[in-house]
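Heads up: the structure comes next, in structure tokens.
Residue numbers begin at 1 in each chain, while the letters A, B, ... track the order of the sequences.
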There are 2 protein chains.
Amino acid sequence: MGHDLCRQGEPFEFIYAVRSGTFKSSLSLSNGHQQICAFPMCGDIIGMDGVASGQCASTVTALDDAQVCAIAYAPLVDLLARDPALQRRVNRQMGYELARGRRLLLLMGPFSAQERLAAFLLDLSQRFSAHGYSAREFNLRMSRIEIASFLGLSHETISRAFSALQREGLLHIDKRRVRITVLEHFARRFEALLRVD
Amino acid sequence: MGHDLCRQGEPFEFIYAVRSGTFKSSLSLSNGHQQICAFPMCGDIIGMDGVASGQCASTVTALDDAQVCAIAYAPLVDLLARDPALQRRVNRQMGYELARGRRLLLLMGPFSAQERLAAFLLDLSQRFSAHGYSAREFNLRMSRIEIASFLGLSHETISRAFSALQREGLLHIDKRRVRITVLEHFARRFEALLRVD
DNA sequence: CGGAAGATTGAGCGTAGTCAAACCGAGTGG
DNA sequence: CCACTCGGTTTGACTACGCTCAATCTTCCG
């Protein structure tokens with residue numbers, strides 16, 4: 001918890017398959033600013049973005065107690081050559097990450113603070129439910145500040161957006177506990193955000 | 001020119017290596033909004049984001065006369081199994097795309113319109129110069145509206161940002177012709193934007 | 001108890017969005 | 001040749017959303 005799985009700029013050696021827990025991956029710029037660019041969790045692969053440069057492209061920090069499976073990249077490459085099925089799996093995963101990044105980029109465009117936050121919660125909800133947890137009620141592992149950085153907003157705006165969603169009766173928020181009142185309502189209200197075509 | 005290389009939702013069959021020309025890849029949402037998420041050009045690989053879902057994840061449109069090398073994906077997979085060097089190359093390219101996406105996401109965060117535009121121009125400049133063209137002077141292949149969509153701004157704001165950069169003497173803009181007055185000044189003024197750590 | 005970090009809320013301000021008008025160049029057709 | 005349209009661009013005026021600064025409150029931990 002709070003520990004770094006890898007740090008931006010370090011030599012790239014491992015990729016990690018997340019088995020449990022939540023992480024944040026962040027980029028820091030030379031001007032001191034820091035931006036969170038993903039919240040990897042169960043089922044995600046961490047570190048693929050270091051393949052190209054040979055350096056870890058981002059710093060990945062655990063937000064809670066987590067378990068990962070570290071996979072040394074160099075042997076993996078050999079293994080891939082001998083196991084086409086595995087290779088296909090790795091390629092698919094990278095394609096998945098790419099597509100997910102695209103979708104996210106989309107969010108940052110012409111959407112209001114409330115819409116961004118709603119889309120973020122919907123995304124979380126879907127990922128939780130894909131792994132057997134409740135889609136309606138869950139604990140956020142990340143602070144308002146981290147959500148803000150991720151969505152390109154200020155943390156005060158995140159706070160206000162939560163309050164606004166609650167005022168509209170769409171969810172109940174208590175600290176980091178989120179309960180979506182009626183998932184169908186919520187999803188219908190914001191479905192256009194993440195659905196393509 | 002103006003033709004689609006592939007369309008969002010179509011079965012995924014090919015990836016394309018760009019030999020010349022410029023493209024835009026865009027996502028369209030169910031609410032009708034459209035977002036440009038990349039401007040692939042010479043040296044880039046298009047279509048990797050379809051690997052995971054088996055569908056083209058975005059619509060890719062030529063912005064000028066262009067040449068691409070189409071590579072059928074299914075045979076490529078077999079080939080990769082027999083050619084580890086090529087496989088490594090493909091993985092690197094995907095990692096590169098991933099990292100590039102991350103950097104972009106970063107831009108959408110807490111940066112002003114002028115900074116985003118400048119970063120966009122710097123990125124273009126670097127890509128042009130990497131392929132033997134002038135880093136100081138080039139033609140934009142895309143409209144203000146397309147730049148706006150890409151950067152998550154309105155096209156009027158793009159226009160104003162160009163004017164502002166010109167007023168500051170950093171560049172000269174005439175329709176789609178861009179001349180950066182002193183590349184070093186320009187880069188120093190905005191270097192923090194894309195440089196990590 | 002005191003200090004620190006997180007969260008919420010308010011007040012004021014500024015940047016960028018929206019709406020609108022005008023201009024320009026390229027096509028098209030009378 | 002000129003009139004017309006259409007898409008792209010620029011600029012202005014007004015508005016609004018979100019940022020900044022600030023105060024307050026809670027929780028957590030030393």
More than 12 non-hydrogen atoms from neighbouring residues, nucleotides or ligands closer than 6.0 Å to [atom1] on [X], yes or no?
X: R177(B); atom1: CZ; result: yes
X: Q67(A); atom1: CD; result: no
X: H3(B); atom1: NE2; result: no

Could you tell me the separation between the [atom1] atom of [X] and the [atom2] atom of [N], rounded to a whole number of Å?
X: L153(A); N: dT8(C); atom1: CG; atom2: P; result: 15 Å
X: E146(A); N: dA5(C); atom1: CD; atom2: C1'; result: 12 Å
X: Q114(B); N: dT15(C); atom1: CD; atom2: P; result: 11 Å
X: F111(A); N: dC17(D); atom1: CZ; atom2: P; result: 16 Å
X: E115(B); N: dA16(C); atom1: CD; atom2: C1'; result: 14 Å

Residues D49(A), R100(B): salt bridge by 4.0 Å N-O rule
no
Salt bridge (charged side-chain N to carboxylate O under 4.0 Å, His left out) partner of D64(B), chosen from R141(B), K24(B), R176(B)
R141(B)
Ring centres under 6.0 angstrom apart (F39(B), F150(B)):
yes
Any chance you could list the contact pattern along nucleotides 9-15 of chain D? Use B for base contacts, S for sugar-phosphate-only contacts and - for none, protein heavy atoms under 4.0 Å, 5' to 3'.
BBBBB--
